[in-house]
Amino acid sequence: MMFRKILSFSFLAVVLFSSVLTAFAASGTYESTYSLTGGLNSRTFDASATPKFVVATYPSKGLKGTTMTLYLKKQGFFGDSDIDSGTVSSTEVDSVTLYKSGSGSGKYYIRFRNFTGILFEGKVKIDYSW
């Protein structure tokens, strides 16, 4: 009888502990399209720990030899902060990893920036984890 109680309690403790861990860890994929001549923001990701984003772009319109700059930004009370940045081709399938150790939990988004004034269009896939 006592063994059964200990076993039940141990099982409950493991289930609760793993539930707490998964509540703070997340990963997934967000897919969308982009169309911009200037700038465009992705959706907001509410990260419970330092996030990592792998952004893949699949252009349908661009300008050969040019890039699009992607900024990882974190929302803050006194304005948004630049966390990391990278570039991807405006005409070729490309990807970039955006991450900064120690940036912590918070609301993050990715800013797409086109400095050419020419229309860039395509699909984007964002894999995220924290």
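Throughout, numbering of the chain's residues begins at 1 and tracks the sequence. It should be emphasised that the depicted structure is a prediction, and the values quoted were computed from it without experimental measurement.
Using a cutoff of 4.0 Å between basic side-chain nitrogens and carboxylate oxygens, D80 and K74 are not scored as salt-bridged.
A donor-acceptor contact closer than 3.5 angstrom is absent between the side chains of Y34 and T57.
Using a 4.5 Å heavy-atom cutoff, the side chains of L72 and K100 are not in contact.
How far OG of S81 is from OH of Y108: 9.0 Å, rounded to the nearest 0.5 Å. Between atom NZ of residue K125 and atom OG of residue S32 there is a gap of 14.0 Å, rounded to the nearest 0.5 Å. Taking CD1 from I110 and CG from L98, the interatomic distance works out to 5.5 Å, rounded to the nearest 0.5 Å. Taken from CG in D94 to OH in Y58, the straight-line distance is 10.5 Å, to the nearest 0.5 Å.
Connection of Y99 to F112 is not established within any shared hydrophobic cluster, with ILVMFWY side chains joined at heavy-atom distances below 4.5 Å, either directly or through further cluster members. Neither V93 nor F53 shares a network with the other; the hydrophobic side chains, linked directly or stepwise wherever heavy atoms of I, L, V, M, F, W or Y lie under 4.5 Å apart, form separate groups for each. Y30 is not connected to V54 by any chain of hydrophobic side-chain contacts under 4.5 Å among Ile, Leu, Val, Met, Phe, Trp and Tyr, and they are in different clusters. Residues V88 and L40 share a hydrophobic cluster, clusters being chains of Ile/Leu/Val/Met/Phe/Trp/Tyr side chains in contact below 4.5 Å.
Heavy atoms only, all atoms of each residue included: P59 and S89 are closest at CG-O, 3.9 Å. For the pair G62 and F120, the tightest heavy-atom approach, listed with the atom from each and the gap, is CA-CD2, 3.7 Å. Annotation for S35 and L119: closest pair OG-CD1, 3.6 Å, computed over non-hydrogen atoms. Heavy atoms only, all atoms of each residue included: V96 and L70 are closest at CG1-CD1, 3.6 Å. Here the closest heavy-atom approach between residue M68 and residue R113 is recorded as CG-O, 3.4 Å. Among all heavy-atom pairs drawn from D46 and K107, the shortest one is OD2-NZ, 3.4 Å.
Side-chain atoms of N114 come within 3.5 Å of backbone atoms of L36 as a donor-acceptor pair (strictly under, hydrogens ignored). Looking at T66, its side chain never comes within 3.5 Å of a backbone N or O of S90 through a donor-acceptor pair. Looking at S105, its side chain never comes within 3.5 Å of a backbone N or O of A49 through a donor-acceptor pair.
Enclosure of atom CD in E121 by more than 12 non-hydrogen atoms of other residues, nucleotides or ligands within 6.0 angstrom is indicated. Counting non-hydrogen atoms of other residues, nucleotides and ligands closer than 6.0 Å to NZ of K73 gives a total above 12.
Both cation-pi conditions hold for R43 and F45: the charged atom is under 6.0 angstrom from the six-membered ring centre and inside a 45 degree cone around its axis.
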